[in-house]
> 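Below is the structure I would like to discuss, written out as structure tokens.
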Amino acid sequence: SGGGGGGETTSETSADGDSATSTSTSDVPAPKTYTEDELFHMDEWRGDGPQVGERPNEYTGLSVLDLPNLRGEITVYLGGGEGGLYQEAMQRIQNLYRDFTVYIRPASSSQLANTIIEEANAGQSPADVFWAIDAGSVGVVAENGATVTLPDHVTQSVPDTYHPTDEWVGIMGRARSIPFNTNAFDADEIPNEVAAFPDDPRFEDEMGWAPTYGAFQAFITAMRELNGREATKQWLEAMQAHGVRKYGNEFQVANAVATGELSAGFSNHYYSRLVYEERPDAPLELAFTQNDAGALVNCSGAQVIKNSSNPETAANFIHHLLSIELQEFLGTRGFGYPLLSSVPPIGNLPTIDQLNPPELDLSTLANVQPTLELLREVGAL
Amino acid sequence: MSALDRLVAPFARARSRDSGLPTALVLLSGAIAAAVLSPIAWILLRVLEAEGGPSLLTHPSTFATSIALVAVVTGASVVLGVPLAFLTVRTDLPFRRFWTIAVALPLVIPSYLGAFTYISAFGPSGYIADLLAPLGVDSVPSVYGFGGVALVLTLYTFPYVFITTRASLLSFDESLVEAARTLGVSRIEAFRRVTLPQLVPGIASGALLVALYALSDFGTPNLLRLEVLTQAIWVEFNGFGRETAAMLSLQLLTITAVILALQSRVGDSTQGAYVGTRASTSDTTVALGRWKAPALAFCASVVTMCLVVPLGVLFVWFRRGSSAIGRTRLVFEWSYASNSVLVSVAAAVACALAAIPVAYLAARHRSTVAELIDRATYIGYAMPGIVLGLALVFFGVSYGAAVDDLSSVIGAASYLPTLYQTLPLLIFAYVVRFLPQSVGATRSSVMRVDRELTEAARLLGESPLGAFRRVALPLIAPGVFAGAALVFLTTMKELPATLLLQPTGFDTLVTYIWAVRESGSYGAAAIPAFVLIVVSALSMVVILSQEK
Amino acid sequence: MSRTTHNRTDASDASPAADDSDADDAAATGTVLDLSGLTKTYGPETAVDALSMSVADGEILALLGPSGCGKTTTLRMVAGLERADAGTITLDDRTLADPEGGVFVPPEEHDIGLVFQDFALFPHLSAAENVAFGIGDRPAAEREARVDELLDLVGLGDHADHHPEELSGGQKQRIALARSLAPEPDVLLLDEPLSNLDVALRVSMREEMRRIIDETGVTAIWVTHDQEEALSIADRVGVMNDGRLQQIGRPERIFERPSSRFVASFLGQAGFLTGRVDGDAVETDIGRLDATHFPGLDLPDGTTVDVLVRPDDLQARPAADGTTADGRLTQRQYQGPSFVYRVETTEGDSVRCMHNHTELFEVGQPVTVDVVADHPLQWFER
Amino acid sequence: MSRTTHNRTDASDASPAADDSDADDAAATGTVLDLSGLTKTYGPETAVDALSMSVADGEILALLGPSGCGKTTTLRMVAGLERADAGTITLDDRTLADPEGGVFVPPEEHDIGLVFQDFALFPHLSAAENVAFGIGDRPAAEREARVDELLDLVGLGDHADHHPEELSGGQKQRIALARSLAPEPDVLLLDEPLSNLDVALRVSMREEMRRIIDETGVTAIWVTHDQEEALSIADRVGVMNDGRLQQIGRPERIFERPSSRFVASFLGQAGFLTGRVDGDAVETDIGRLDATHFPGLDLPDGTTVDVLVRPDDLQARPAADGTTADGRLTQRQYQGPSFVYRVETTEGDSVRCMHNHTELFEVGQPVTVDVVADHPLQWFER
Ligand SMILES: Nc1ncnc2c1ncn2[C@@H]1O[C@H](COP(=O)(O)OP(=O)(O)OP(=O)(O)O)[C@@H](O)[C@H]1O
Ligand SMILES: Nc1ncnc2c1ncn2[C@@H]1O[C@H](COP(=O)(O)OP(=O)(O)OP(=O)(O)O)[C@@H](O)[C@H]1O
Ligand SMILES: [Mg+2]
Ligand SMILES: [Mg+2]
């Protein structure tokens, strides 16, 4: 049983193992609307941090109570994971069932994607599920033919933007943003398109970015897909000519904005949440651009790895991540955008509907090579 | 003597006392070298996959930056390490014992942690800037870029030079200095003309570790924003340009090969370490006199830079982060520490065992084969952890698949153990990465054992193995132990290969630090960082207590 | 230098002594150790050059020779520590080394002991542990007894617990000796084993060694620079020069019938008088030495020869007046019971005369020199 | 052991020689080097014990003594390599060491050369570079000339480029010697500088050394185990035992008038006959030795004494019949020009007799022994 087994074995594998028919598609009920009390101990899932704020009374989707039971063991490769939040979520799912165990391997998502590809090259990955912090990584794994198609009832929980193919499904969203120092600017002083920054003298020598960072590269990839290579190149060159400063990652960018080292920067939205965690009084706020690459909403994604010994359970497990309880858990304890639209994000963030992401197939974000070449060409790397 | 004769002479000489290479030893060492070299095969595999074939110099400026960084860090480490070794071994510096340990301790601090704390302390609006701001100082020199990276890397790697130089100084036959002084040569002259030439191999072996570390380190240049080869490799992997990454790795290995060749020239130019078997009876301590205060200040400032700054920052994080600790979901467990110690001890033992045949062969039978085998063990050390990790992922899984195939062919369950994501493969990865530290320390201690001693043992009826066990081993034990302890230290702080190859659910201090750092919970990182440093520091004390 | 030797006691033997096959000088009884054509080169330098000799059971063979002539290298090859480039080594009919035949027996299978020139004591072991090293397989009680016995033998019973670094040069040498004796090897190789000992100790040690060697029946090759040691202790003496064996034979024979100027000059304080054959006498600086000194001399008149004269063969007398003097006293050396005077002859030969310590001459004095030897004089054709 | 000495040539001197203050034996002209009360202990062991002596300008002082008696330690203190525990060292009126006064001059300021017992050659330098080490400040041409000269002196001109590991034991020693001579120090300390050399080389080297020392006027302390070396080369000889100086004086005096049994037994192959004083004669195992042998003996009758007899003082004769024999021959040693026979007397004394090599006796033979000494015999009160 080498690497070429393919994904057709799905039904056979489950047939011999589970006596219960609970994992069969027909048992999955349609989404519905629950009051808080109908859900499973919602108050225990929900976080209570200072940024949580008001929560809704009703949620639409599926409760873990209505999902098929999980049995057996699965291995999840966890890329990133918001400081243990994802791990705790999986821990909680495991705790819901007596006969279910989840083994987690955390590492950086691109590393794990590379690993899964190597594993698939060499034979068989031990992973059943890959849950990565960015869509690019799951996209690459899918492109390399290392995944199994997900059942519709799993993928249909989220808007199509967040599962451009059936090889993976988005779990939590992350929005590109412009963190700015409130001592330097007011919210309405920030341009609503990234194209405006290079021309604006207020930002000369005052901005930071992290070009080696995956999220930034995804942002440039998106720009390339949307505006074409030439325009992207010009923007990059203009920004550099404008004295943008390089950082190792986007937390450093957000932090630098908070400390006043920078006036503004490019980062994912949740890095500013992290800054608040450390320094609740940080003079830092977020702005969002409209309909351009700067407004990209990337997401963490999950997929079932080819040759998984238990693909049904794996898919069902992913479904659990998209249950109301888990989305509430992830959304209120972490800083990501729940992709189940009835579960709002925390803090004073706009809801996911209020964001104006560009029209873009998130899978294309995996096409980072040309981006790297471009970044190198303009000397940003 | 003609130039050619001069070139050939050392080899002719080396061969002259050699009564043939022992086949078994060569085979064993060769196998060890082949094993630690195997990850290169993966790099080649990936390079060949590259579209349009392999292209050599893809990032010329990055390549140049890497070389410059290696040169500067190595030079600076020698400049720091050698005088400190001399001060703590040969002079009447007050509190020598304390300084010895304090100066060696930076080795236990992972350089990425050092870089982190340096950013916090010296970065724009870091603690130092905050402290100085009220005094009207509005800009501190940037820690970012080449200077910062070189500084931080030097601070956390120079102890390699310090330790190897110390070892050479301690085992140096002082009667030679005595001889020089009775010839009317002052102490300083004698140091330059007699001691130094014979310390060169020791200094060079420490400098080699520094150079290769500087070449292969990723965390520091990443944090301090310097585009070096490892950084480029990491970027490529992130962008799934595995072929380009492999090509860059090949460039990095080319530099490694050049460094190894350079080092073996230096190490050989004085034909190995000459060290007497007899202890000096006389009091050879140099009185510092009025240089005492500057010497103390020098030691104190090095220790401040290396230890006080990062520990201070960790402490501040710990204080500030205590609120955030409750917030992080990753709860520190003591099993992480015990797991770290477990794999590190296992790696140390494995390296010690693998190093002995290689080092013995290299020290006793100076031949091209022996030298190649010895050098080969250094390659893995210069391989970025992520490259090594992926290579071993590939081989680990391939091996598993082969075992599966085999069992399906013979139609029975295979009894061959799986390797992938098991401790043995992880420990093998550590051996690949850290074997040279063991080999270096062991090799120089073997050189110190007079060949006639093992000859005497054999004439008294011992087999080569018996002579080794009863005479050589007791005499080289401190070297073997010191090498193992170095491996222990570096394994304790190793991250990239650990992340890729750890058995699922097997968390260690560094993987925990990585996880909480990933979440930005600096406060939570402080505790495991302290634990890591304390455990490593204890083992450092053990290493140094092995010195006589 | 002539290879022709004059045979003063045994007129029938005229063969060059370098490949001495005399029954008298060959290894006496059964040959234990046989070296044949042994050669070892270091780069361009030949340290040992086609050396052949055999050592008989229980005998002591002293190996003499100038510094750097290859003595240590020879011992190391016999011990199996150095691979010969050519030649064979046979011990008790067992081939130990034969490079052409691809035979090389490792040292531990030789049953040969070696006392290293620079001791090679194990620094991590005490004196007693060093001595016990080779007899680890014996029962503890026996081992201890043997170690005590050997330490007493070398006079270091009270240094048993000292480590090598705490021993003086001579003490180390004695421990090295005791260590090599402990396992009672068949063949014992000694590389200047007594060079760092004082005379008294050296004399008693060598008598002790002789006794031990006789008692244990061990065969020994003993490298020494001390001619007295060589002559007094050895059953046979081999003289090496420049990697080659010059002469081997019984001590008396080597001393009295050296095969070459080199061998002669190497034993005893040899002096040489340049002479010219004239009938059956020889004309020299100190006068005409008549036929009685040279029985059997039959060289053509006018042949130049070197006549070997040792200090005890000559006597100097103050020359009554300068004109009759044979030469001048150039040096006086006190040697305890005697003085040795060096005389520079008129034509520039340098000879020594030994005198009782009561006969005092002044340096610079013109002297006449007489031959007082009661034995024929050895000569070497130029 | 008696400290009373018999003075056979100079009846006026009856002082114990250990603190010999004789004009004859004290450092002759101006004292260059003065050691006073020098003491060095290693833990419980006293290596050098209150040693005092002075060395005169241009003289060679030979230091003799059994292994481990403290010779090396003494030299190391003089060279400044070891700190004395007590006592002072003065060179040319400059105090080099005085622990009580807190004075300790480092070795490089001593202008004292030292040839180490174990050579201590620089392993990273070639033979020539080793020799040139101490004269690095001279112009290159001069330096090279000097190195060539010294290498030729020690006979290693063709080994200039060899590294120490490629030299034989004796070659190393010669390089060590050349190296110490190169800078022409004021005082030269030689720790058994010739012990690994063959006789011929040793003799020529020591004559060469004597010449150099005389020419350059350097002062030397020469540790040796070779009594012939000590007696023949030294202006004065010091005999040490157990860290203490036993006797110091001119070679003849030490040899002929040893102050103790120890000193006597240390020079020459001393034998002792147990005797009982009977009037002005002494009764021994080999018969009654009459008054002519013991001028000035005035001990009470019956006092037991040891009579010093060296091999050349005695002659053995085969005893006509066993009953009149004085003892039996127990050993024969060939020594080149002579045989030395050991005789065990009836009462168990052991003495040696030297015979011409033409006089052959058999071991085991009963012999009578005669005193043939032409000088008075030395005795020591028990
Ligand atoms: N470092 C040391 N530690 C302890 N004892 C020592 C040390 N060095 C020398 N000794 C002891 O001091 C005594 C004198 O040693 P020293 O080397 O001076 O002897 P030596 O007269 O030179 O002897 P040899 O003729 O054998 O070289 C010896 O008993 C020796 O064991
Ligand atoms: N490793 C080596 N490399 C090169 N030449 C060597 C080596 N070892 C010995 N030789 C040379 O071989 C010759 C013989 O050396 P060996 O040690 O056998 O001499 P030896 O007779 O023992 O002299 P000594 O009496 O001085 O100890 C010497 O000329 C020496 O320089
Ligand atoms: Mg030798
Ligand atoms: Mg000594």
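Just the heavy atoms: all of them, side chains too, but no hydrogens, waters or symmetry mates, feed the values below. Residue numbers begin at 1 in each chain, while the letters A, B, ... track the order of the sequences.
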> Can you tell me which portion of C:E45 sits under 4.5 Å from chain D's heavy atoms? Options are side chain, backbone, both or neither.
side chain
> Measuring heavy-atom distances to chain D, does C:Q171 have an atom under 4.5 Å in its side chain, in its backbone, in both, or in neither?
both
> For D:H355, give me all partners under ring pair (Phe, Tyr, Trp, His ring centres under 6.0 Å), at least two apart in sequence or on another chain.
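Only D:Y341, D:F361 meet the ring pair (Phe, Tyr, Trp, His ring centres under 6.0 Å) criterion with D:H355.
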> Under a 4.5 Å cutoff for heavy-atom pairs, which residue among D:P66, D:S265, D:A230 has the most contacts with chain C?
D:P66
> Answer yes if the side chains of D:S168 and C:T72 hold a donor-acceptor pair under 3.5 Å, and no otherwise.
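No, because no side-chain N or O of D:S168 sits under 3.5 Å from a partner of the opposite role on C:T72.
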> Looking only at heavy atoms and a cut-off of under 4.5 Å, which of C:P311, C:A234, C:G68, C:G65 has the most pairs with chain D?
C:G68
> Between C:H225 and D:R202, what is the shortest heavy-atom contact and its length?
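So the minimum-distance heavy-atom pair works out to O-NH2, 3.8 Å.
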> Do you know which of D:A47, D:G43, D:S195, D:A270 has the most heavy-atom pairs under 4.5 Å to chain C?
D:S195
> Counting only N and O atoms by type, is there a donor-acceptor contact under 3.5 Å from the side chain of C:S67 to the main-chain atoms of D:L197?
no
> When only pairs under 4.5 Å are counted, which of D:R210, D:E207, D:E192 shares the most heavy-atom pairs with chain C?
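The option with the most such pairs is D:E207.
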> Using salt bridge (Lys or Arg N to Asp or Glu O under 4.0 Å), reason through D:E252 and C:R332 one step at a time and then give a plain yes or no.
CA-CA 13 Å; D:E252 308 84 283; C:R332 181 177 65 195; over 6 Å; no
> Checking heavy atoms, do the side chain of D:R174, its backbone, both or neither come under 4.5 Å from chain C?
side chain
> Counting heavy-atom pairs under 4.5 Å with chain C, which one of D:P251, D:S232, D:G170 comes out on top?
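Highest number of pairs under 4.5 Å: D:S232.
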> For C:Q331, which atoms come within 4.5 Å of any heavy atom of chain D: side chain, backbone, both, or neither?
side chain
